[in-house]
S.K.: 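Okay, handing you the structure first.
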Number of protein chains: 4
Amino acid sequence: MGIRERKEREKGRRRQQIMIAAKRVFSIKGFNKATMEDIANEAELSPGTLYLYFKNKDELCASLSLRILQYLNIKLKYVSSEKDLEPEQKIEALKEAMYDVYEFDPLILINMLHLQSSEVLKNLSSQLVSDIKKLSNNSIKTMADIFEDGIKKNVFIDKKPFALAEILWALFSGIVLCDESKGIIANNKNYLKLTIENAFEIFAKGIKK
Amino acid sequence: MGIRERKEREKGRRRQQIMIAAKRVFSIKGFNKATMEDIANEAELSPGTLYLYFKNKDELCASLSLRILQYLNIKLKYVSSEKDLEPEQKIEALKEAMYDVYEFDPLILINMLHLQSSEVLKNLSSQLVSDIKKLSNNSIKTMADIFEDGIKKNVFIDKKPFALAEILWALFSGIVLCDESKGIIANNKNYLKLTIENAFEIFAKGIKK
Amino acid sequence: MGIRERKEREKGRRRQQIMIAAKRVFSIKGFNKATMEDIANEAELSPGTLYLYFKNKDELCASLSLRILQYLNIKLKYVSSEKDLEPEQKIEALKEAMYDVYEFDPLILINMLHLQSSEVLKNLSSQLVSDIKKLSNNSIKTMADIFEDGIKKNVFIDKKPFALAEILWALFSGIVLCDESKGIIANNKNYLKLTIENAFEIFAKGIKK
Amino acid sequence: MGIRERKEREKGRRRQQIMIAAKRVFSIKGFNKATMEDIANEAELSPGTLYLYFKNKDELCASLSLRILQYLNIKLKYVSSEKDLEPEQKIEALKEAMYDVYEFDPLILINMLHLQSSEVLKNLSSQLVSDIKKLSNNSIKTMADIFEDGIKKNVFIDKKPFALAEILWALFSGIVLCDESKGIIANNKNYLKLTIENAFEIFAKGIKK
DNA sequence: TATGAATGAGCATTCATTCAT
DNA sequence: CATGAATGAATGCTCATTCAT
């Protein structure tokens, strides 16, 4: 391993360290009330250092989204590529994958939502924006592949698979969203787990031939 | 109509005017990048005037949520109370209602999400917080009533109706969410309409006995 | 006087108040070490208020230059228009005018110099930049008119009058500059007055036929 | 040449390298907007290295001034010592010398001006401050010697020679200054060369008996 | 010597909120 | 009621400087 390589890896580690700290602070204070100083303290770094690794606060936030999308993408790719699984088993695996992703980073949607604002997009490097778009599309596409497989095997109804993927994506987003806003909407504990369970049951039944 | 009443009504109108302006500004700039001055300009009022009608920025935002929840509640109540509709027709009516709500105010979710932050909740009057919670629960409860009716009539599977309501709520939230973040996630136009259509089809099929 | 007019005048007064404070602070601390808070304190205003009247720190500084150029311009116009003065008397009047300007704002050159940097220019509104350019050119042009008059009357040598104006402008700038940097260069008190006196004597002799 | 000497020379080279880079960066961005990192990049060194050769940013800037003053001093001494030149020829030689200096480092005045700020002076080593003062005074003194020679030989008017020197110094400074701020003030290309030419013509005529 | 990552004090700027008119 | 100028605390960000390697 060359020096250059080692440094690159070191840099990646720092970014992770900062993102983890940011995640923690965002989840406690919310994106707006969290200050860069808060994050720096949490990461046990100085405020200036944050700017060595992230162009600005918005970019730090967007990078969190990218990170979770990367994780999601890997999970989905893996499920999709499992040749030995029957379509219905893949749906089950999907459910597990999504639950996994949520556990990895429950903040996913707050961050994703933040990206909507055109004012925020202005602050992001075009590289980052295109990475996020690419990964989002890839994720949905991979899910679509899973459904397509089931349709081919005559197990699932013949809806456009991409549409199915989008519905599942929406369902997932919505469930997470409602879980996030527990204070207002949800009532029972383990809301997420139960609801994902129930939702997939309905969904799986709904798409079966 | 007494003078007092007229004044009250006048006051309500002003609040509406401000909320509409706020909605427009929020949808363009996002909640955080929108300034009270932006909103005042959009409403053709002065910044100071906003504070005659709303305690602070967070409360203005929360009032937007309350407003949409009220609208949603009315729609749902109406669907639920229609004695002549069969369960499946009610589901169809639900779909229409939700589409309606979305058209009325697509920003609902951004606002709802914003309410999550405990830091924001601190700024709200307890009256407002309890109103929002009550309405949210009512909405879900009313949907649950619809499902319960279907279960009693032996048309829907015997899932806990409240769970069904939550799934539908999540589905709706997720769809709207994905539509909002079109720039990042969605690909096709009319994403929302198509996806609601597809989703309800799957959902309806999934809960039928 | 209408309300609008009164407000406009009030606004002008505030700008003056701030500029005067800025001048004082700049002359004590230098442009860079002077903070906006320093200036606000000196003006007995809050930092935020400064930004109601000046886009940013660079623009506040440039406005000081504009102010002195306006003053200079008026002085020069007056000298140039005096029909009864002989060319040599006008040169004498020029000297007085310049001395006057310097007394009005000895900081003129520090500010002018600041304008050189392209990075600074980026921060200025194009209106301001064009105003400054126009006034600078006008000043030199007016001086040229004075020399042209002398050349026509066969009193001054037939150099291009514009070139003469530029030399005088440079002489003035240089004298002020050296006076400013007293700490390093000048030795005697009243350096400025003496040197302007001497310089104009040489200059007047040099351009006489 | 001993090792110590070689090292000393090497050190001098590095200082030159850094000063040249600094000059380039200052002339593009202005002293304040130029960062030490900018200079380090231009010099193809790391920021830390700059501090091995200069105590701080202000001292780096002052060293630039010192460097140009040394160059000027040598030029002036040479002109002054030429026994065979007539006073008028010396004035001509002075003109050439000044043009030379300007070409060597047009930034001289920006740097000199920067030294004015008492806040900056605090940051400089007393050694450096006294060097700069000494050289400045020497330069003016040497010019005065040239004029004194002319006065003795009954060629120049009997003004105090030191005053003449100061006027010339001011003229030079002013011309350079105006050339630097071309964007704002000057109009014609080759402003500097032409104006120095014209100015010396007037000046020479003005001091002749 | 040279590096360049890390620092953290410092500052320009913003903006929710107030209040005299 | 309405205004909008003024506020000033809050904060994102910068950059001269340091120091472990």
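Keep in mind that what you see is a predicted model, and the values were worked out from it rather than measured. We name chains A, B, ... by the order of the sequence lines, and we start the count at 1 in each one.
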S.K.: Expressed as a whole number of angstroms, how long is the span from A:K55:NZ to F:dG12:P?
M.R.: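 Rounded to whole Å, this separation is 16 Å.
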S.K.: B:E44 has an atom CD; how far is it from atom P of F:dA2, in whole Å?
M.R.: 14 Å
S.K.: Starting at CG of C:L50, measure out to CZ of C:R15 and round the result to the nearest 0.5 Å.
M.R.: 11.0 Å
S.K.: Closest-nucleotide mapping onto DNA chain E: is B:T49 or A:L50 further toward the 5' terminus? I mean the 5' end.
M.R.: A:L50
S.K.: Look at the side chain of D:L52 and decide which nucleotide, out of E:dT1, F:dT7, F:dA2, has an atom nearest to it.
M.R.: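 Nearest listed nucleotide: E:dT1.
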S.K.: Taking the basic N atoms (NZ, or NE/NH1/NH2) and the acidic carboxylate oxygens, is any pair closer than 4.0 Å for B:K11 and B:E8?
M.R.: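 No, no charged N to carboxylate O under 4.0 Å.
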S.K.: Check whether any side-chain nitrogen or oxygen of D:R14 sits under 4.0 Å from OP1 or OP2 of E:dT1, and answer yes or no.
M.R.: no
S.K.: Only pairs with both distances under 3.5 Å count, Watson-Crick or wobble alike; so what is the partner of F:dA16 in this structure?
M.R.: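 Matched F:dA16 with E:dT7 under the 3.5 Å cut-off.
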S.K.: Would you mind reading off the distance between A:K11 atom NZ and E:dA6 atom P, rounded to a whole angstrom?
M.R.: 10 Å
S.K.: Rounded to whole Å, how long is the line connecting atom CZ of C:F54 with atom C1' of E:dT14?
M.R.: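 Whole-Å distance recorded here is 18 Å.
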S.K.: Measure from the side chain of D:S46, starting at C-beta and using heavy atoms only, and say which of F:dT7, E:dA5, E:dT3 lies closest.
M.R.: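 For D:S46, the side-chain atoms sit closest to E:dT3.
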S.K.: Quick check: on DNA chain F, is the nucleotide nearest A:N56 upstream (toward 5') of the one nearest B:P47, or the reverse? Name the residue that is more 5'.
M.R.: B:P47
S.K.: Report yes if at least one side-chain N or O of B:Y53 is closer than 4.0 Å to OP1 or OP2 of F:dA2; otherwise report no.
M.R.: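 Checking B:Y53 against F:dA2: at least one side-chain N or O falls below 4.0 Å of OP1 or OP2.
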S.K.: Figure out the OH/P separation between C:Y51 and E:dT13, and round it to whole Å.
M.R.: 4 Å
S.K.: Looking at A:E10 and A:R13, is there a salt bridge between them, counting it only when a charged N and a carboxylate O are closer than 4.0 Å?
M.R.: yes
S.K.: Take the protein atom CE of B:M36 and the nucleotide atom P of F:dA2, then report the distance between them rounded to whole Å.
M.R.: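 Nearest whole value for this atom pair: 15 Å.
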S.K.: Taking the side chain as C-beta and beyond, is there a heavy-atom pair between B:T35 and B:D38 under 4.5 Å?
M.R.: yes
S.K.: Rounded to whole angstroms, how far apart are NZ on B:K57 and C1' on F:dA10?
M.R.: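 In whole Å, F:dA10 C1' and B:K57 NZ are 14 Å from each other.
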S.K.: Before accepting this row, confirm whether a basic side-chain N of the pair A:K33/B:D58 lies closer than 4.0 Å to the acidic partner's carboxylate O.
M.R.: yes
S.K.: Rounded to whole angstrom units, what separation is found between the CD atom of A:E37 and the P atom of F:dA10?
M.R.: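 Taking atom P of F:dA10 as the reference, CD of A:E37 is at 12 Å.
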